[in-house]
Structures are given as structure tokens and as C-alpha cells.
Amino acid sequence: MLPVVGRLAPSPTGLLHVGNARSLLLAWLAARHAGGKIYLRIEDLLPDGDQHLPALLADLRWLGLDWDAWQDHDFVRQSARSPLYDALLTALQARGEVYPCVCTRKDIDLAARAPHAEDKAAAYPGTCRDRFASEADALAFERARAQAEQRPPLGVALRLRVPTAPVRFSDVLHGPQVISLPEDSGDIVVRRKDGGVAYMFAVVVDDWAMGVTQVVRGDDLLEVTGQQLAVYAALQRLDSPLLPPFAGLPHYAHVPLVLGDDGRRLAKRNQSLHIGALRRQGIAAWQLRQWLAQSIGLETDRDWVAQFSWQRLPRAPVQFTAFELNLF
Ligand code: GLU
């Protein structure tokens, strides 16, 4: 069996809150329990994506999480890895796995065949699939359209063709999953119109490149895992020397989220539940760690790493409210 390799993959676009901390602690426990390594990867692909990086690193250390160096780097930053992503995208484009797309969100909604829930974007109907001979053609089309509409031209996105056959995987906590990508998402954006590489692509390239065997993250990402498996499949077909030999898909464990007072999952709006805010309120790291450990089903007076198991983890989301704060 391969040695376990996990990763902590926070996005420094916002500050860490209790929910992020719990998912990261679970990823850390699962890797350390298996005697494995865990790497830190900063997912800073969005413009201004790293404004909270110093605070993020401070919060991780305050929480007592540690990580292993990867290839002499203390941690990996996605923003430094664009040349690899771009080279792989170019190679995929040459094989016709990836194609240029000029559609706007409005075009997609108008063209969508299936009705879709309001909170979920319509699946991409494939309008640009066989539309342009090259990216230059797509760009020329966009420039002409922008001129006719009297607006500045946007860039051209790149999309990955998804398979028609259902994608299957088994999640450690959610069991077998079957996803039909043409209905669920349609062809996936792998490079945005602003030229930036999309999360969906970079996450797979990096998990593969770093030898990640275990992905532990919030269950809001369960749904998009099928899209990530389609990226894996395209990269396997590409068989690029830029990536190490394929060593198998990671195991996925999508963990329940933490809810706030309002019963909704914690997000940027819950400023008072950011780790830094708790620290400023005088809460000690050990107090928060105890709460997190209890919420994970651990007995806090015994070795956490040794006793960790997925069976202990409650399957329902937990609430972290003002009431919890009063306990500290
Ligand atoms: N960077 C993502 C986030 O902070 C997590 C990505 C992942 O774990 O695959 O939500």
C-alpha cells in the first residue's frame, strides 16, 4: 500500500473560521493517524488571492497544526505554479480535450436545455464545443462581438470536454457516488476568461503532482468531485512527462460543515467566529482545540492522533454558536 499523503489546502481569500479549522484538523488527524505526511498548499489562484496569507499561517500554527515540506518548500503556493498548469492546458488543447469558449453566463442560461435550481448554475450546453478552429479564432469572434456591443472585449475561457458515461467514486463518509457530468455541470471551465487557471484544474494537477492519496475537505465540495475526476481522466490520457507516473486516485472524505447561530454554514459573514477574532476575545488555542476534538468525537484526555477514526466522526453538521463561546 502507498504511504498516506494528505494535504491542507486553504484559500487565503478569507480568514479561517471555526469550520475551516475543523476540516483542516480532520485532514491532519487522518494523515497523522495513518503515519502519513501532510503538505500545506495555499490555493491563491484568484487575483488578490493571498491578502490573508500571513494571518492564515499564524492561525494554522496557533491551532497547533504542522505540515511536511514538499520538495524543499515549506509550503506550496498555487500562484507560483502557473507555468505547469499552462503547459498542461496547452497539451490538452492540442489533443482536443480542451477547447476555447466565449459564452457568458447569460448565454449559458439562455441556451440551457434542462431547467435548473435557482441556486445552481445551469449545466454548460456545449455551445462552443466544435465552434472554433483555434483560440485565436475564438478571440477574434469575441473582439468582433464586443465591438458590436460597444463594450471592452473579454478573454476566452478554456473548457474540458466531460465524458458522457457517469463518473463513479466512493466517498469515505458518503459512500458510492454516481455523477452524470453532462447534466450536472457540462464541460468544465479549466481556465477563466481573465487567463487565470480554474480551481477545478489546479487542484487535480497539484494533488497528482504532490502524490496526494487522501483528500479530506468540507462536504460542500462533494458535488464537484466528479468534475475533478474528469480532469484526472483527461490528464491520464495525456500521460505528460510534466507529471509523475499516475499512482491512482486519492481517497475522498467529505466532512460535515460547521453551522453558525443562524443554522447556515459558516462563511465570511460570521466574522466573530474567525480564528483571529476568537483569539482576540481571549480564547486560548487549547480551548478551541478541545471543542473541535469533542465535535469530532474524540476523548480529549487521550492521544487524539492514536484514537482518531472515521467511525467516531458524527455525520451531522455541528453548530458553533454564541453559546459555545460562553463555555470557554
Ligand atoms: N481551497 C479550497 C477551499 O479552501 C479547498 C480545496 C480542496 O480541498 O480541494 O475551500
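In each ligand, atom 1 is the first atom listed, and ligand 1 is the first ligand listed.
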What pairs with Glu223 under salt bridge (Lys or Arg N to Asp or Glu O under 4.0 Å), at least two apart in sequence or on another chain? none
Selected option - heavy-atom contact closest to atom 6 (C) of ligand 1, from Arg7, Glu43, Arg217: Glu43
Does the pair Glu299/Arg312 count as a salt bridge with the N-to-O cut at 4.0 Å? yes
Pair Arg131 + Asp137: basic N to acidic O under 4.0 Å: no
In ligand 1, which numbered atoms sit nearer than 4.0 Å to a non-hydrogen atom of Val203? 9 (O)
Looking at Tyr199, which atoms of ligand 1 are within less than 4.0 Å of one of its heavy atoms? 6 (C), 7 (C), 9 (O)
Hey, do the aromatic rings of Trp67 and Phe75 have their centres closer than 6.0 Å? no
For atom 3 (C) of ligand 1, which protein heavy atom lies nearest, and how many Å away is it? Ser11 OG, 3.5 Å
So, using side chain to side chain contact (heavy atoms under 4.5 Å, CB included) as the criterion, who are the partners of Arg315 when residues are at least two apart? Leu173, Leu313
Short N/O distance, under 3.5 Å, between Ala9 and ligand 1? yes
